[in-house]
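To find a chain, count down the sequence lines: A is the first, B the second, and so on, and within it residues start at 1.
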Number of protein chains: 2
Amino acid sequence: MRKSRQRDAILDYIKCSTEHPTADMVYESVKQSIPNISLGTVYRNLNQLVDEGFITVVETSDKKVHYEGNLNEHIHLLCKECCNITDVFRKTEVPDVYEETGFKIQSQKTVYYGICKKCLNT
Amino acid sequence: MRKSRQRDAILDYIKCSTEHPTADMVYESVKQSIPNISLGTVYRNLNQLVDEGFITVVETSDKKVHYEGNLNEHIHLLCKECCNITDVFRKTEVPDVYEETGFKIQSQKTVYYGICKKCLNT
DNA sequence: AGTAATAACAGTAATCATTACTACTTATAA
DNA sequence: TTATAAGTAGTAATGATTACTGTTATTACT
């Protein structure tokens with residue numbers, strides 16, 4: 001991967017952001033320092049940064065991919081009403097989440113990402 | 001929610017499926033018993049069934065929503081190569097997953113779904 | 001430093017999963 | 001049994017993402 005001003009700006013913004021920006025939010029923000037950056041460039045670099053493991057993605061029900069720069073293991077609180085994503089870094093036990101954040105848990109989901117048996121043997 | 005032959009067939013298919021079908025897979029399958037069912041009907045009912053809590057969704061990187069009828073708490077193994085989703089129901093500890101399933105875990109994600117503080121007070 | 005090779009870019013067109021819309025049909029409550 | 005409104009089929013529209021094309025910029029090698 002070569003060095004590029006555009007990708008540096010994109011990565012920088014995501015790494016510093018506390019929210020979980022979408023491609024469009026990245027585009028709007030980076031446009032302030034690189035006015036003629038292309039939306040296609042943003043998408044291409046986001047995909048590249050995910051592939052290379054510099055950032056990760058979070059899916060919500062708003063049908064847009066959200067990006068995240070904090071790679072430390074943590075839990076996401078995902079509001080079904082407003083789609084807001086909140087990070088919880090402390091090893092807070094489930095019953096304590098409500099007291100500490102005011103977030104009412106209704107369900108949970110745990111996903112392990114990796115390579116399945118079949119793809120490992122290919 | 002009224003009774004409808006289309007929705008019954010859709011729910012039935014998802015509840016019986018061991019894979020995690022997409023809207024299109026549901027459409028193709030239900031079409032065998034209701035040949036003139038509309039894809040729009042499938043989407044509308046899937047959203048309704050999710051809203052009413054009869055089924056849930058699983059997101060992969062293939063940009064399609066996958067549906068799931070098994071509401072028992074379990075873990076998903078999501079292959080980054082082929083996007084296959086495998087369910088793990090036993091409380092298998094992370095180190096044991098590989099031995100039991102051949103799935104090589106690279107990262108994990110835990111999400112709690114619910115209502116945030118702000119939306120609760122509205 | 002000069003240059004060739006090619007990764008990356010801007011701008012725009014295309015894709016495709018999902019949603020919205022419309023006129024018709026059917027479940028169900030009174 | 002009939003009114004009403006939820007549900008449907010079929011199709012058009014939307015919108016996030018990707019693909020494409022001609023140009024620019026990085027980097028490895030003389």
In this structure, are over 12 heavy atoms from other groups packed under 6.0 Å from A:Tyr98 atom OH?
no

For atom [atom1] of [X] and atom [atom2] of [N], their distance in whole Å:
X       : N      : atom1 : atom2 : result
A:Asn36 : C:dG11 : CG    : C1'   : 10 Å
A:Glu59 : C:dA17 : CD    : C1'   : 15 Å
B:Tyr27 : C:dT19 : OH    : C1'   : 16 Å
B:Lys64 : D:dA16 : NZ    : P     : 20 Å
B:Leu46 : D:dG7  : CG    : P     : 14 Å
B:Asn45 : C:dT26 : CG    : C1'   : 14 Å
B:Lys63 : C:dC16 : NZ    : C1'   : 12 Å
A:Gln6  : D:dT24 : CD    : P     : 14 Å

Between A:Arg5 and B:Thr22, whichever has its closest DNA chain C nucleotide further toward 5' is A:Arg5

Would you say [N] has OP1 or OP2 under 4.0 Å from some side-chain N or O of [X]?
X       : N      : result
A:Ser4  : C:dA7  : no
A:Arg44 : C:dC9  : yes
A:Thr41 : C:dA10 : yes
B:Tyr43 : C:dT19 : no

[X] side-chain proximity, nearest of [options]:
X       : options                : result
A:Met1  : C:dA17, C:dA8, C:dT19  : C:dA8
A:Ser38 : D:dA9, C:dA8, C:dG11   : C:dG11
B:Lys3  : C:dA27, C:dT18, D:dT17 : C:dA27

Is a donor from one side chain sitting under 3.5 angstrom from an acceptor on the other, for B:Thr60 and B:Asp62?
yes

Side-chain-base donor-acceptor pair under 3.5 Å for B:Arg2 and D:dA5
yes

Residues touching DNA chain C, which here means a heavy atom under 4.0 Å, drawn from residues 47-58 of chain A:
A:Gln48

By nearest-nucleotide position on DNA chain D, the 5'-leaning member of A:Asp62 and B:Leu39 is B:Leu39

Tell me what A:Asp24 touches on the nucleic acid: a base, only sugar-phosphate, or nothing, going by heavy atoms under 4.0 Å.
nothing

For a quick check of understanding: with a heavy-atom distance under 4.0 Å over all strands, which category does B:Arg7 fall into, base, sugar-phosphate or nothing?
sugar-phosphate

Are any of the side-chain heavy atoms of [X] and [Y] separated by less than 4.5 Å?
X       : Y       : result
A:Val42 : A:Val30 : no
B:Ile14 : B:Phe54 : no
B:His74 : B:Phe89 : yes

In this structure, CZ of B:Phe103 is separated from CG of A:Leu120 (nearest 0.5 Å) by 8.5 Å

Should the pair A:His20 and A:His76 be assigned to parallel (<30°), tilted (30 to 60°) or perpendicular (>60°) ring geometry?
perpendicular

Between B:Arg44 and B:Gln6, is a side-chain contact (heavy atoms from CB on, under 4.5 Å) present by the stated rule, with each step listed?
CA-CA 11 Å; B:Arg44 184 165 26 76; B:Gln6 289 83 348; over 6 Å; no

